[in-house]
2 protein chains.
Amino acid sequence: MTTRPRDSAATRAALLDAAAVLFAERGFDRTTVRDIAGRAGVNQALLFRYFGSKEALFATVMARQSHELLAESPAERALARVLERMLDEEGPRLHDHPLHAALRSVSHDGAAAAIRQRMGDEYAEVLSSLTDAEDADVRADLVLAWLLGIGLLRSVLAKEPLASADPERVSEHVLRAVQVLLERSER
Amino acid sequence: MTTRPRDSAATRAALLDAAAVLFAERGFDRTTVRDIAGRAGVNQALLFRYFGSKEALFATVMARQSHELLAESPAERALARVLERMLDEEGPRLHDHPLHAALRSVSHDGAAAAIRQRMGDEYAEVLSSLTDAEDADVRADLVLAWLLGIGLLRSVLAKEPLASADPERVSEHVLRAVQVLLERSER
DNA sequence: CGCGCATGTAAGCGTGTGCTTACATGACTC
DNA sequence: GAGTCATGTAAGCACACGCTTACATGCGCG
């Protein structure tokens, strides 16, 4: 039978896209290299030619997420924007979001590290700048925990009614409650 | 070499305990029947003699958690008690908590179902009784999401500073913020 | 047009896994 | 003491997995 036309950049991108979707749907352990190669339409040997190992491919998928959520937003708006993006179900992002892959792969050291690094250190720093309370970092972590919990319950576990709740309503509730934590003293 | 003295009840309990600990530490996929049998100190064949399959053993572990968290507490205290238990790190419960096993196994259908059933329907019902708002069920789910997120970030991912934060402080913050969601109208 | 290399595939390897089967033996009953 | 059954182990099976290797061939260059 005919082999696929040669285009290494396209092959690499196809493998990455296939991996992103399948890791988000099934997690690291339940996704096989045969699954990824099959979805990309190539032979599994190419996965090893381009990425070296399944682990390395997973690490590349985890590193793909843009940092635009935190870029160029005043800290006050950062949380609202993060929530908007998390709750926004339009477009293909829902199905290949690295957060889903990470939440589904939480026993995998790399996934756990990705959550700590990505949602952890980067976001918590911004969040803790929103309050002048002494334990700002603990409060920031609590907000972060809530974001992770919402991601888990709504998108990964798809529990109703949260799964189909109006994103604006959810945002409103969360932002209002979080104000209690990320308060600033009067001055 | 000598074989183990015969005691089927003890063997079964040893397998269950070993499974609970290892599923909580590593998740379903990363725990093997050889691991469980080894920790229980028996031959792996006995796992199949007593439980039928690895899947069935996992289901039994998921079903073990007592319902005492919700029993006999007025709804107003339920959330505080749940938080107390989640944040309490003393004793062996931390290391074999089915919630940890479930969070680490979230791609496993049984684990996802266990979270929805256990933390979901049972707790959300109690939580939604705490408010007379029209969307009480969505608010309850948001509170539940936060509990799951705290469990994930503090116990499974062990992210500092939340991992070592004072449980009373954490409870206080969460309960205060949650009051904004689970409010009752004046009357 | 021939050569060489990049890109692709087929086939297979070694290991680990869940599970089964045949056998051993401890314990209890008659 | 013999027989039976429950409980335990050793050994192995079939399959799936991540990964490697040998080979095929498309494409670009001189």
Side-chain angles (χ1 to χ4, degrees), chain A residues 1-62 101 104-105 107-111, chain B residues 1-62 101 104-105 107-111:
Chain A
M1 70 189 175
T2 63
T3 58
R4 159 193 183 90
R6 294 153 176 257
D7 186 342
S8 66
T11 301
R12 194 172 191 283
L15 282 163
L16 265 176
D17 287 345
V21 170
L22 293 177
F23 285 140
E25 278 180 18
R26 306 178 192 171
F28 181 86
D29 290 320
R30 295 188 168 217
T31 300
T32 70
V33 300
R34 286 165 177 77
D35 291 332
I36 295 167
R39 186 181 169 99
V42 300
N43 186 274
Q44 67 190 288
L46 285 184
L47 191 152
F48 298 96
R49 182 182 289 270
Y50 285 109
F51 295 96
S53 68
K54 182 185 177 187
E55 281 279 343
L57 175 55
F58 183 74
T60 306
V61 169
M62 287 295 101
R104 286 191 181 286
S105 316
S107 289
H108 184 280
D109 287 339
Chain B
M1 66 188 176
T2 62
T3 58
R4 166 194 179 89
R6 294 157 176 253
D7 185 344
S8 66
T11 302
R12 195 173 192 283
L15 282 164
L16 265 177
D17 287 345
V21 169
L22 293 176
F23 284 142
E25 277 179 20
R26 304 177 193 173
F28 182 86
D29 290 319
R30 295 186 168 217
T31 300
T32 71
V33 299
R34 286 164 177 81
D35 292 333
I36 296 168
R39 187 181 169 99
V42 300
N43 186 273
Q44 65 189 292
L46 285 183
L47 190 153
F48 297 97
R49 182 182 288 271
Y50 286 109
F51 295 97
S53 67
K54 183 185 176 187
E55 280 280 343
L57 175 54
F58 184 74
T60 306
V61 168
M62 288 295 102
R104 287 192 181 284
S105 315
S107 288
H108 184 281
D109 287 340

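Letters A, B, ... are given to chains in the order of the sequence lines, protein chains preceding strands, and every chain is numbered from 1. The basis for the numbers below is simple: all heavy atoms, side chains too, and nothing from hydrogens, waters or symmetry mates. Nothing here was measured: the structure is a model prediction, and the numbers come from that model.
Per the geometry, CG belonging to B/Leu22 stands 13 Å off P belonging to C/dT17, to the nearest Å. Per the geometry, CZ belonging to A/Phe58 stands 16 Å off C1' belonging to D/dG18, to the nearest Å. Computed from coordinates, the B/Asp29 CG to C/dG16 C1' distance equals 14 Å when rounded to whole Å. One can place CG of B/Asp7 at 13 Å from P of D/dT9, the figure rounded to the nearest angstrom. Per the geometry, CG belonging to A/Leu15 stands 14 Å off P belonging to D/dG18, to the nearest Å.
If you run side chain to side chain contact (heavy atoms under 4.5 Å, CB included) between A/Phe51 and each of A/Leu46, A/Ile36, A/Thr60, only A/Thr60 comes through.
Residues B/Arg34 and A/Asn43 each lie close to DNA chain D; by heavy-atom proximity, the contact nearer the 5' end of the strand is made by B/Arg34.
Between A/Asp35 and A/Arg30 there is no salt bridge, since no side-chain nitrogen of the basic residue lies less than 4.0 Å from a carboxylate oxygen of the acidic one.
Contact annotation: B/Tyr50 side-chain N/O to D/dG8 OP1/OP2 distance is under 4.0 Å. Residue A/Ser8 has a polar side-chain atom (N or O) positioned under 4.0 Å from OP1 or OP2 of C/dT7. OP1 or OP2 of C/dG18 has not a single side-chain nitrogen or oxygen of B/Ser53 nearer than 4.0 Å. A close approach under 4.0 Å does occur between a side-chain nitrogen or oxygen of B/Thr11 and OP1 or OP2 of D/dG8.
Taking the side chain of B/Lys54 as heavy atoms from C-beta on, and the options D/dG18, C/dG18, C/dA10, the nearest nucleotide is C/dG18. The side chain of A/Arg6 approaches D/dG26 more closely than any other nucleotide in the set D/dT20, D/dG26, C/dT20. In this structure, the nucleotide among C/dG18, D/dG18, C/dT9 sitting nearest to the side chain of A/Thr32 is D/dG18.
Classified by interplanar angle (parallel below 30°, tilted 30° to 60°, perpendicular above 60°), the ring pair B/Phe23/B/Phe28 is parallel.
The base of C/dG8 sits with one of its N or O atoms less than 3.5 Å from a complementary donor or acceptor on the side chain of A/Arg49.
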